[in-house]
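Take a look at the structure set out below.
Letters A, B, ... are given to chains in the order of the sequence lines, protein chains preceding strands, and every chain is numbered from 1. Since the model is a prediction, treat every value here as computed from it, not as a measurement.
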Amino acid sequence: MFITLFSCAAMAETSTQQDSILATIAEARLELGETAEHYKVKLPTFEGPLDLLLYLIRKEEVSIYDIPIARITEQYLNYVRAMRELDIAVAGEFLVMAATLIHIKSQMLLPRDPDAPEEEAEDPRAELVYQLLEHQKFKGAANVLHQRAMIEAATFTRASLETDKNNPEIAATTFQLFEVFREVLNRRRAITEIEIARDEMTMAEKIAEIKLALEERSEVSAREMFERARSRREMVLLFLALLELVKELVIRLKQSEMFGDIFIAKRGEPSDQVSEVGGQLPEGTDQSGNEPLTADHRPAATEL
Amino acid sequence: MTIEELKPIIESLIFVSEEPINEKQIAAILEGESAEAIEAAISELMAEYNERGGGLELRKIAGGYQIRTRPEHSEYVRRYLKSQPSARLSIAALETLAVIAYKQPITIPEILEIRGVTSTSAIKTLLDRRLIVARGHKQVVGRPMMYGTSKEFLIQFGLSDLSELPNLEDFEDLMSS
Amino acid sequence: MTIEELKPIIESLIFVSEEPINEKQIAAILEGESAEAIEAAISELMAEYNERGGGLELRKIAGGYQIRTRPEHSEYVRRYLKSQPSARLSIAALETLAVIAYKQPITIPEILEIRGVTSTSAIKTLLDRRLIVARGHKQVVGRPMMYGTSKEFLIQFGLSDLSELPNLEDFEDLMSS
């Protein structure tokens with residue numbers, strides 16, 4: 001809270017210096033080689049608050065080890081303010097740094113405890129200086145890396161050979177492995193949702209479905225119908241529905257060869273007589289028909 | 001350019017070319033260089049490759065030039081290429097591998113349950129490439145075989161152990177920016 | 001085998017290998033040859049490539065050996081391959097990569113600490129370009145994922161290994177001067 005209030009005060013204090021900020025910005029723009037044709041004043045972009053601070057320190061030609069904190073803070077706040085004036089979204093990190101700077105500035109203003117031992121009286125700027133130096137080092141390293149990459153990109157390996165198809169490297173990273181896994185799971189979730197929807201299905205609906213299928217085609221493959229079932233429960237329902245329809249003499253089941261597909265056909269059509277194996281179920285189906293019917297399926301069966 | 005300047009450029013072009021590259025193609029890149037100079041540079045290069053008697057030769061083939069290994073060492077070359085496991089993973093294999101990696105030990109029916117499609121040929125590929133291993137039978141009806149990832153899997157994905165596999169949180173960390 | 005006999009065979013193997021090939025892989029093919037003999041042959045080969053000063057160089061890269069064209073002739077090679085240099089990394093991505101390269105394994109919060117800005121989108125880019133890889137979870141609250149550089153990083157930046165990275169302390173005094 002203290003910091004926020006302080007920050008607002010500091011902003012207000014610097015608001016009269018708008019002209020000098022714009023001058024600074026224009027200067028920075030020229031330094032960055034931006035074209036002067038831009039209608040709007042363009043702010044130099046900084047990767048983050050540390051970048052901006054390094055820029056200001058360089059521009060003011062002050063030592064990084066002895067930063068004139070009041071001056072640099074003012075410049076920094078001017079910049080952040082200008083960003084807002086120009087409707088540039090100010091990233092949170094810039095505001096955090098603004099608060100940090102103001103905090104350091106206030107600490108510098110506090111009188112030092114004269115009784116405190118010399119070594120304990122740490123410079124409030126120390127941590128910031130360390131951070132800036134670290135940041136500076138990595139910027140230097142990034143620059144060297146960039147140069148290396150440029151040189152490397154100028155070298156070429158041999159053209160691919162016929163034998164390169166045997167590349168042992170798996171073209172996937174662990175993150176891709178994870179992404180693939182997640183996709184599979186998402187797909188699975190979608191299927192489960194369908195399953196849940198289908199689980200609501202009653203045997204009456206299954207019977208209606210079989211009848212409807214037989215309206216469209218004279219014969220329906222039982223295998224196809226079973227394959228379409230997405231859960232065990234649906235398979236059981238389908239099976240019960242078929243038994244029910246056979247019992248009611250609505251359909252017959254036909255099998256033209258041993259272990260071949262079983263076809264469902266409406267009873268009473270003349271073509272039935274020709275290829276019919278028998279009104280009874282083939283052996284295999286009969287066995288699975290003995291599978292225990294759970295209690296909650298029975299009422300559905302008797303409903304019909 | 002002098003012949004000495006032309007030679008390394010031409011050598012580079014022959015080296016990177018997918019198909020044998022001919023004088024005309026080279027001349028098109030080296031604008032302004034005469035056909036004679038280019039031909040002279042190529043024949044000097046070929047002579048150098050012959051004199052050196054290294055592992056590579058520069059040969060005229062199918063109307064162009066190509067750098068290739070000498071047949072004398074084909075035995076070793078073949079042995080090396082054979083030691084390289086074959087082919088990249090298909091999407092099916094990669095998906096199956098991902099499911100096994102995250103759900104191991106897991107049986108084929110369980111993988112089917114998750115992927116919604118059978119994975120038997122993918123499993124075979126993964127076993128052939130030693131990325132997965134059998135992990136014993138699951139004590140359920142049918143005693144299906146369980147599978148898990150192998151040491152080779154860790155090596156190829158640069159993991160020191162399975163806890164290093166990224167998880168959902170890591171993924172969300174990245175996506176929440 | 002004598003070194004003179006080993007050299008052309010090793011040169012062939014380096015040529016046919018798509019990825020940089022290392023001494024161990026070479027030794028596995030040349031059964032019975034000592035590591036010293038193989039190393040000696042490789043360094044003679046490298047010296048020969050340097051002396052010749054042709055279009056190609058034999059270099060140690062990502063812990064292995066590879067034959068590549070020299071950068072001097074890249075203009076002609078690019079013209080022939082009609083290749084564009086791959087998109088440059090942004091400054092944010094490069095700086096993030098530098099922090100990861102020197103401080104690996106490192107977590108996203110630790111990178112934020114150093115850079116002063118969030119780096120998630122840079123991390124995403126670097127993962128997409130396979131320059132960095134996940135390196136397991138740090139055993140601290142939240143178990144954040146740690147990242148490190150990949151083999152691809154070494155290849156793209158022409159490093160034989162991480163010890164070849166420039167000394168970070170060399171960049172210390174850029175500001176005070």
Has [X] got more than 12 heavy atoms of other residues, nucleotides or ligands less than 6.0 Å from its [atom1]?
| X | atom1 | result |
| --- | --- | --- |
| B:K103 | NZ | no |
| B:E19 | CD | no |
| C:R88 | CZ | no |
| C:I91 | CD1 | no |
| C:E113 | CD | no |

Open item on the list: Given heavy-atom pairs under 4.5 angstrom as the criterion, report whether the side chain, backbone, both or neither of B:E48 touches chain C.
Closed with: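 Only the side chain of B:E48 comes within 4.5 Å of chain C.
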Task: B:Q25 versus chain C, the contacting section by heavy-atom distance below 4.5 Å - done: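 For B:Q25, the side chain is the part near chain C, not the backbone.
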Open item on the list: Checking B:I10 against C:Y76 for the side-chain contact (heavy atoms from CB on, under 4.5 Å) test, could you report, in this order, the C-alpha distance in whole Å, the side-chain angles of both residues, the deciding distance, and whether it holds?
Closed with: CA-CA 9 Å; B:I10 294 173; C:Y76 299 100; over 6 Å; no
Between [X] and [Y], what is the shortest heavy-atom contact and its length?
| X | Y | value |
| --- | --- | --- |
| B:G55 | C:E11 | N-OE1, 2.7 Å |
| C:P8 | B:G53 | CB-O, 4.3 Å |
| B:S12 | C:H73 | OG-ND1, 3.7 Å |

Task: B:S17-C:Y80 side chain donor-acceptor pair, cut-off 3.5 Å - done: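 Side-chain D/A pair, B:S17 to C:Y80: present.
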Task: Residues of residues 27-37 of chain C with any heavy atom under 4.5 Å of a heavy atom in chain B - done: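 The stretch touches chain B at C:I29, C:L30, C:E31.
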Open item on the list: Within this structure, what is the CD-NE2 distance for the pair B:E164 and C:H137, rounded to the nearest 0.5 Å?
Closed with: 8.5 Å
Open item on the list: Nearest 0.5 Å, please: how far is OG in B:S163 from CD in C:Q139?
Closed with: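 If we round to the nearest 0.5 Å, C:Q139:CD and B:S163:OG are 6.5 Å apart.
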Task: B:R52 charged N/C atom sitting above C:Y49 aromatic ring, 6.0 Å / 45° - done: yes
- [ ] Name the member of C:I9, C:T69, C:I123 that forms the most heavy-atom pairs with chain B at distances under 4.5 Å.
- [x] C:I9
Task: Which of B:V77, B:I14, B:L56, B:L162 touches chain C most, by non-hydrogen pairs under 4.5 Å - done: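 Sorted descending by pairs with chain C, the first entry is B:L56.
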